[in-house]
Each structure stands twice: as C-alpha cells, then as structure tokens.
Enquirer: 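Handing you this structure, nothing more for now.
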Amino acid sequence: MNLRGRLVEVGEEREVETQYGTRSLAEMTVRPEGGDVDAPDATVRVTLWGKWTHTADLAESGMDLLVTDAEESEYRGETTYATSKESYVVLEPDFLVDVTDVRSWVQCPRMYYLNKLSGIPLNYPVVKGTVVHEVFGDLLRGRDLEDSIDERVAEAGLQLGLLGYDAEEVRDEVRRNAAAIEGWLAQGTLTEEDGWRSEYTLISPTFGIKGRADALRRGMPVELKTGKNLKRDPRFQDKIQAAAYALVLAERGVPADTATLLYTKNTALERNEESGDLSPAKEFSVGKGLLDFVVRKRNEIAAMEFDFSVPTGFEADAKCEYCFEQDTCMVVSGRLDQESKAGQIGTPLPEDEREYFDRFYRAIEEERRETHEEYRKLWEQSAEERADDDRALIDLDYVDRREIEGGRWELRARRPDGAVSKLREGDICLASDGDPVGGHAELCRIRELGDEVVVTADEPVELRRLDVYPSEISVSRMLTAVHDALLKGSEDRKDVLFGRRDPEFSARSAEAYVDNNEAQNRAVRLSVDADDAALVHGPPGTGKTYTIARTVRALLDDGQRVLLSAFTNRAVDNAVEALREQGFEDIVRVGTENGVREDMLDLRLKTAGEPNDRAAALNDAPVVAATTSSCGSRMMREQSFDVALVDEASQLTEPGTLAAINLADRFVLVGDHQQLPPVVRAENDLQKSLFERLVDRYPEASVMLDRQYRMSQRIQAFSSAEFYDGALRPAGGEVAAQRLSDLGVAESALPEELRDPVAFVDPGGSRVGNTNPAEADRVAELVDAYAAAGVDPDDIGVIAPFRAQVAEISKRTDVTVDTVDRFQGSSKEVILVSFVAAGGLDGPIFEDHRRINVALTRAKKALVLVGDADALASDPFYARMLDWARR
DNA sequence: CCTCTGCTTAGAGGA
C-alpha cells in the first residue's frame, strides 16, 4: 500500500541491532492524506530503513512524504508502517523534477543550480546534439537519412551561423554520428516487434519526475549521446538519466530492466584504435538499487527547492578541479556571496542587489511551483473539473489518424458541442488517448480547432483528449534574466535600477518630432535624449503605438540599433505595423511562425537556411522586433542593441522586462500601470511591473500621453476621473463629440435604453458557475438592436470577465466576444460589457479595478454595461460607475 | 558536448 501524507515529526537516524546485523533506521510521523491509508486527523508512524534514512535526513516537517509499498504491522496496539524492499520514499512528490536536472545534479548539485540560473548558452555541441537527436528520430520513423540531415541542418541554420559554422562541415559531422546510429539499427534483429517509439513524453505523479525519453525499444529506454565514450561502461550520469525514464515506465506498469545508451561518436575508426567492446551502444541493467539512487537524488533536489535554498556542492563529493564550470561557479558564488565547494572569486554584490536577487529568486521559484500545480491537475482533476478549468478539451470523438511526411502523424477528432478551452491553433499541447499521464500521450501542435480538431504529432495517438502542457520556459527565462541583469549588467544600468542614481539625459534631439501633440513630442524627445531610461505612460487611445514607431525612427536617424519588444506577439506586431505605416521596412521580426501575425510574416526571420546568410540577416538588422520571451532565447541573448523599446511594459514582470533591456545600453518603457498588471500565478513580487516601480521612483524620467483619440467625452469621463486624475482628455472636438450618427446610424432607431452613449442595463437572471445565461440572452438582444439600427457587426464587441460567459454569449451572436485580458490593446465603435455579477462581487476579477478600466475604455461611440445593479452598487467603486452610466 | 564519484543485493528487520 502507498502511504502518503504531511510530515509532522522527523526522527533522527539511529542504528539498531537486528538478527541480520547492525542496521540504520529513522522514524517519521505522518498525517496521512491522499494515499491508501485513511486516517483523518490522526498521525501514524513510518520507519524508513537502510538507505532511505538518507531521505529522512533531508526531510522537514511540513513536507509531503510518500512511501510506496509500505508494510503495515501492529506494535503494542498501534498500527505502524515501514519501508519494504519494494518501497520507494518520495519527498514532495508534487514537485516535478526534470530528468535532465537529476542528471546534472548527480554530476554536481552546484551545476544543477548554475544551469538553472544562467541557462545553457548558445554553443556548438548543444546545437549539433539537437540536430543529431532530430535525425535519430527521423531514422526511427523510417525517413531517408540524407533528406533528414539536409533538412535538420538547414533548420539549425541561424544558430550555426551565429556560431560561425559552415553547413557542409556540420552535415559531415552529423553524418558520422548518424552512421553509428544506422549501423546499430541495422545490426541484428530490428523487426516489427522491436516496437520502436521516438520522443516519449513521461510524467510521473508518484516519483515527481517528468521528462522526455529519446526513444523506447521494446519498452526499454534508449538515450542518445552525441559525444564519445571509449570506456566500457556508460557514463554514470547517462545511466541515471536512462534509469529515471525506466523508473517512470515502471510506474506505468511496464518495468524496464535494461536501458541502452547510444554514443554516436564512437565511430568505426575509433573502435579500431582501441581493443575491446566499443560499439556505440552500451546496454546496462537497471536494478532496484540504481532506481533507489535516482529517487534519492531526486529527493535531494525536492528538499532543496522546498525551502528555496541554494546548493553548495558539498552535498556530493564532486571534485571541483575536474569541472569545466569551476570558474563560473566561483564567480557566481563570489558575487552572490554563496557558500561553494569550489570557493569564491570577486567581491560580493551590494547588499540591496543580493536582497533583490533573493527576493526574485524566491518569487520565480514560487511561480515554478504553480506551474507544477498545473501538471498535477493533469492527473488529479476529474475529467469534468478539467473541462471546467478550460485547460483541456476532453471527450473528443476520435476520427482517424494518417501518416504524413517525415513519418509523422496527423490526428483528427471531433469536439463535442460547446466545449471551450484556452487552447488555440498553433499551440503545442498534450494529445492523449484520454489519459494524459498513464495512457498514450504525445506532444503535438494544433493545426485546426473547429468542430473538427486536427493536430500533428510524432506518434499515432488515438486522439481523445487535448491538454494544455504546462511549460517552465517562461519561469526559467525570468531567472536567467535576473541573473544576467545582476551579474552581467553594467554598473550604470544597475545604479538606475536600484535607485542609486537618477536617469540622465543629454540634448540629442533637436527637431520637433510630432507637431500636433505636445505630450507625444515630449515622449519622443525624452526617449531620444535618454542616457539610461525613459518612461512613457500611455493611457487608452493616446497613440502609444504611433509614438513608439515615431521614437524608433528618431533613434534610427540618430544611428542607433533598436530592439522593439513587448509582452505579447500582438503588441510587437502592432508596433511593427505602425513603423511600416511610417514608411520604415528594414525590420527583422524574430518569432515563431504561429506567433507572428500573418501580414508581418514577410519580415519574419527565417531560422532555416544557409548559416552565414541567416546570421547576417539578424546581425545586420537595424531594428529587431521580438517578444520579451524571445529576447530570453539563446540566440537573442547573444545580440546587443543601443536601445530597447518595450511596449506593454506595465503588463510585464520585472524579470520579463529585464530579459529585453538586458540586451541594450539604454531603454524606453511604454505602458499604463492603470491597465492590466502582469499575469502571474503566485502572489509575490512579480505582480508589480518594473515600469510602475520606475515611474514611481523617477517621475521626472516619464511623460504621460494625455490626449486620447478613441473615446467620446462621455465615455472617457469615468476612466479619466478614476484613474488619471482627470488629466486624460479627448484629442479634439471631433473625438469628444463623436456619436453613432457619424456612422450613418439613426440613433432614433435604437431602443430608448440605448440612446445615451453610455447606458446601463440590468437583465436580471442569476449566476450559474461563471456564467449568467439570462444576461447572455440580453446581451445578444442588445447586439441585435445595434445591428438593426445599422451598426456594422464588425464594429461591435462584447467583453465578459470569464471565458465561460464569453462562450455563453458567443453561442448567441456572431460579433467578437472576448475576455478583458484579450481585449486590451484593441477597440470597437460599440462595446457591451457583461459583468456576470449577480448576487455579489466576489472574486479577484472584480477586485482589480484596472481590469474595469480596460473594459470601459475599449468603446469609441457607445458603451453598454450589462449587470446586476444591486450587486454592483454594493461596492463604492462600482457604485460610482453606475452613477456615471445612469446619469 | 567535455569530467571525479555516486549504482550493481537476495531479504528480513528494532522497540
């Protein structure tokens, strides 16, 4: 039986005499929860024997403990538990450790930490390794070798070019590696029963491990290593990696007692030079002892992460003099004043910088845990809960699967009526046969998401369910951004970030840039003149994007290389579009094919191609446009700019902003901290943007754009008064006085209640989950009324706080319906806001008034608030809103 | 990708 629960008391390790000699043990007290032992409000004792005392030593009360196959016995009338020979002891099983992290931890705990902190930089062995892995996968899928090499090397063109490699030499090297793979595949008995599978995505709720095995052969893990190993045995950490996959497979009931490591650089030539068995493939048996070891190592990581501590290297007996990372390790230890086995070099950072590092390290790790929580939902939530959570499409009707080029698969299913989810076309997600953890699951890309769902994947899954696949990438990139800012950033930059020096300005700008808007003109001048930083505060409709484009052009005229960035692809594309409208086209857009908007794809940097050519395309671009997340990528981290201009900066976490500004000498942040704040899962320091912090700290380095071109006077009044101290004004009489009649709509054709440009309608009805069906009906009627009066449906938008209500309304109308978060940045002539607030205003959606500011400022000529008047009136802010709407 | 060690054993068991 599995015993699981919260640790209440952790006993010391001690030695006892048994009939088999001296043995060690440690006793734990656990409050059972979530395992097979059901003892609410009671505690039980568990004895951990032998090597599991190692895990006991790491344990702290408050941690979650799992003992699998625990033995139950009676002692003095008390039921107690102990580890058996089959047992594993897992600390904090909900913390999912990546297999490659276990691998680096086994090499040296400090290396695990350094990888996490500074990321893996762009280097040749890693790029080549990726290419060889891809070719390996292609070969397993039966693809022609030369075709695969040509395509995969070409795909890595940009990276290879940035590293100064020539395609032909890389192809040759990959060919040599592939020869070892082919030779091994050909030798002996490769039959249908071999049951090859490539790239197997594995998640283990029991052991708290996740990862992707390179391949499975007859159910046994195969790991590909693109280096050479002329010793008889596989490298220990390689064995650990393969054993970790075997462990996860065992949980699925398909135990693997053997694993294979394929060292593709063990070529025929080298084999001849040495005697003995130097075939590229090294098989080894995976015993319980090795699996225990893997779990113990995983526990070391989980225990360290539990209290956000930092490994020193003393946790293992690594010998630092052999380590290639010794210098980096010593520098990081020295600068951050961390204890380290390798020692320290350099003087520690000032205390406030170290405090900043600790604070954000913790916040980012908390965010990582929240990501793990999303994984946990893959197996803990019932299908219905999962569907309500809209992070999955479940109960799909499987249609078919067919093989497409490259041995890959296209999977089809039909989606039941009305199923909604966060999933979007182009997303990477987890396709499964209905059970994403225990069943057949594979990462896939969504191609079509209509009534029929079409995805492509490496393996032929019977598509019955799609889940959001949680990714730690953004979390990891935040951490490397903080690392880069503190350890690689200039002192000048840090003086400003840490409030030690006010941003300075030099008179560079001479001309007037914008002649009809004084604030915009000041914003451009401030940005051009900034030696360190400039902040542009742009409330809704104030021409932020135009100002950004004008600023970029001014900087280019001054001979600067510019990075144009924002949190979302949409904002990046909008800025690029504005730049193009102003006649500037020499822009490189870095991003994925799915991320970049269609009409900007011609500017997109193609990463595949001739290396030199690809590298030049990026290196020579005067303007590079990319999301802040892309700025944290390996390739972008190698780029440098004079100025980074970041839009939507108020929606970015500090580390997210750092990812962009780290790449440039100076920066300009554009945003509005009265609109949506950064979206983070955990509650911590990440919720406040760097933009907001700097605007508060250096008001003299900021300009507020105060003329808005979007809303009529009547519509903007509430927002201006509540959020901008009344400073926001219409840009002119025409903007202020605009009405639906300007569109040729006869206002007299509208029902009485919609005649005023700001109207309030109480539809009654009640809240059902996150919907109010009666309210949805009413909203649809109101939309029809506008359309009947002659408003083009394309000019009407509906905003609702919850995605469920969005879906409810979408069923009833064809106009654009979306959540506030997705509406930020756009506008419509007519906006209807559905509050779904019947009965009360509970929930974070209503607490953050900035969200309402966004919703109310999307409308140009008419705005209708639809909601429960009594509920809204119960809060002073919403009461003021009602007064304004019902005036 | 490069490197030193870490696992290799069945099997219960103390108070």
Side-chain angles (χ1 to χ4, degrees), chain A residues 11 13-27 45-54 69-71 73-78 80-87 100 102-111 115 120-133 163 165 170 173-174 177 223-231 233-244 246-247 257-259 263-266 283-298 300 313-326 328-329 341-342:
Chain A
E13 176 179 355
R14 63 194 167 90
E15 310 238 292
V16 291
E17 291 304 319
T18 73
Q19 58 191 107
Y20 303 95
T22 309
R23 292 293 125 101
S24 55
L25 62 78
E27 281 178 335
R45 282 193 304 136
V46 197
T47 305
L48 309 186
W49 283 97
K51 290 212 165 162
W52 294 118
T53 56
H54 159 277
D69 295 289
E71 250 174 22
S73 61
E74 293 287 320
Y75 175 70
R76 291 188 183 164
E78 184 191 357
T80 63
Y81 300 85
T83 55
S84 69
K85 67 160 182 146
E86 307 291 341
S87 292
T100 53
V102 179
R103 175 197 159 94
S104 66
W105 179 274
V106 166
Q107 285 180 79
C108 171
R110 200 66 200 150
M111 186 176 288
N115 281 169
I120 297 175
L122 183 66
N123 62 8
Y124 179 63
V126 169
V127 177
K128 190 201 74 181
T130 310
V131 171
V132 174
H133 272 84
L163 289 162
Y165 277 78
V170 179
E173 198 176 348
V174 172
N177 282 274
E223 267 306 296
L224 187 67
K225 296 291 155 198
T226 48
K228 82 178 125 187
N229 176 1
L230 297 178
K231 301 198 180 115
D233 295 322
R235 260 187 293 274
F236 187 66
Q237 66 269 24
D238 296 343
K239 287 171 77 169
I240 292 302
Q241 191 177 354
L247 186 69
D257 52 9
T258 332
Y263 293 96
T264 59
K265 219 176 172 183
N266 280 11
E283 251 183 38
F284 68 99
S285 62
V286 181
K288 177 68 164 54
L290 187 59
L291 296 177
D292 288 350
F293 183 82
V294 170
V295 173
R296 291 203 300 275
K297 288 291 150 181
R298 192 225 73 107
E300 289 178 12
F314 288 106
E315 299 84 353
D317 16 86
K319 288 186 183 54
C320 302
E321 57 269 33
Y322 293 105
C323 179
F324 295 162
E325 304 296 335
Q326 190 180 5
T328 320
C329 184
K341 193 173 182 184

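Reminder, nothing fancy here: chain letters follow the sequence lines and each chain counts from 1. Every heavy atom of this structure was used, including side-chain atoms; hydrogens, water molecules and symmetry mates were not.
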Enquirer: Mark yes or no for a side-chain to base donor-acceptor pair under 3.5 Å between Q107(A) and dT3(B), with no hydrogen or angle criteria applied.
Expert: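 Looking at the base of dT3(B), it does pair with a donor or acceptor on the side chain of Q107(A) (distance under 3.5 Å).
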Enquirer: Would you mind building the protein contact string for nucleotides 8-15 of chain B? One character per nucleotide, 5' to 3', B for base within reach (heavy atoms under 4.0 Å), S for sugar-phosphate only, - for untouched.
Expert: S--SBBBB
Enquirer: Let's test your reading of the pairing rules: Watson-Crick or G-U wobble, both distances under 3.5 Å, then write DNA chain B as a dot-bracket string with ( ), [ ], | and dots.
Expert: ...............
Enquirer: In whole Å, what is the span from the CG atom of D238(A) to the C1' atom of dT3(B)?
Expert: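 For the pair D238(A) CG and dT3(B) C1', the rounded distance is 11 Å.
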Enquirer: Between R14(A) and E27(A), does any side-chain N to carboxylate O distance fall below 4.0 Å?
Expert: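 Looking at E27(A) together with R14(A), the answer is yes, because their closest N to O distance falls below 4.0 Å.
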Enquirer: Given atom CZ of R296(A) and atom P of dT5(B), what is their separation to the nearest angstrom?
Expert: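 About 18 Å, once rounded to whole Å.
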Enquirer: Just by distance, with hydrogens left out, do Q241(A) and K225(A) show a side-chain donor and acceptor under 3.5 Å apart?
Expert: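 Yes, because at least one side-chain N or O of Q241(A) sits under 3.5 Å from a partner of the opposite role on K225(A).
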Enquirer: Please enumerate all residues that pass side-chain contact (heavy atoms from CB on, under 4.5 Å) together with E74(A), with sequence neighbours excluded.
Expert: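 Applying side-chain contact (heavy atoms from CB on, under 4.5 Å) to E74(A) gives T79(A).
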Enquirer: Without decimals, in angstroms, what is the distance between R235(A) CZ and dT3(B) C1'?
Expert: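 Going from R235(A) (CZ) to dT3(B) (C1'), I get 8 Å.
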Enquirer: With sequence neighbours left out, write down each residue that passes ring pair (Phe, Tyr, Trp, His ring centres under 6.0 Å) with F324(A), or none if nothing qualifies.
Expert: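 Counting only residues at least two positions away or on another chain, F324(A) forms no ring pair (Phe, Tyr, Trp, His ring centres under 6.0 Å).
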Enquirer: Would you say the rings of Y81(A) and Y75(A) are close, in the sense that their centroids are separated by under 6.0 Å?
Expert: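 No: the rings miss the under 6.0 Å criterion.
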Enquirer: Specify the separation, in whole Å, of atom CG of L291(A) and atom C1' of dC7(B).
Expert: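 Taking CG of L291(A) and C1' of dC7(B), I get 10 Å after rounding.
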Enquirer: If I pick the P atom on dA15(B) and the same atom on dG11(B), what distance separates them, to the nearest angstrom?
Expert: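 So the two P atoms sit 24 Å from each other.
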Enquirer: Quote, to the nearest angstrom, the C1' distance that separates dA10(B) from dG6(B).
Expert: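 To the nearest whole Å, 22 Å.
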Enquirer: Taking ring pair (Phe, Tyr, Trp, His ring centres under 6.0 Å) as the definition, give me every residue that meets it alongside F314(A), ordered by chain and number, with sequence neighbours left out.
Expert: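 F314(A) satisfies ring pair (Phe, Tyr, Trp, His ring centres under 6.0 Å) with no residue once adjacent residues are dropped.
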Enquirer: Is there a donor in the side chain of T22(A) and an acceptor in the side chain of E17(A), or the other way round, less than 3.5 Å apart?
Expert: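 Looking only at side-chain atoms, E17(A) and T22(A) do form a donor-acceptor pair, the distance falling under 3.5 Å.
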Enquirer: Could you pull out every donor-acceptor pair under 3.5 Å between side chains of residues 121-129 of chain A and any protein atom, sequence neighbours left out?
Expert:
from, atom 1, to, atom 2, distance (Å)
N123(A), OD1, V126(A), N, 3.4
Y124(A), OH, E173(A), OE1, 2.8
K128(A), NZ, E173(A), OE2, 3.1

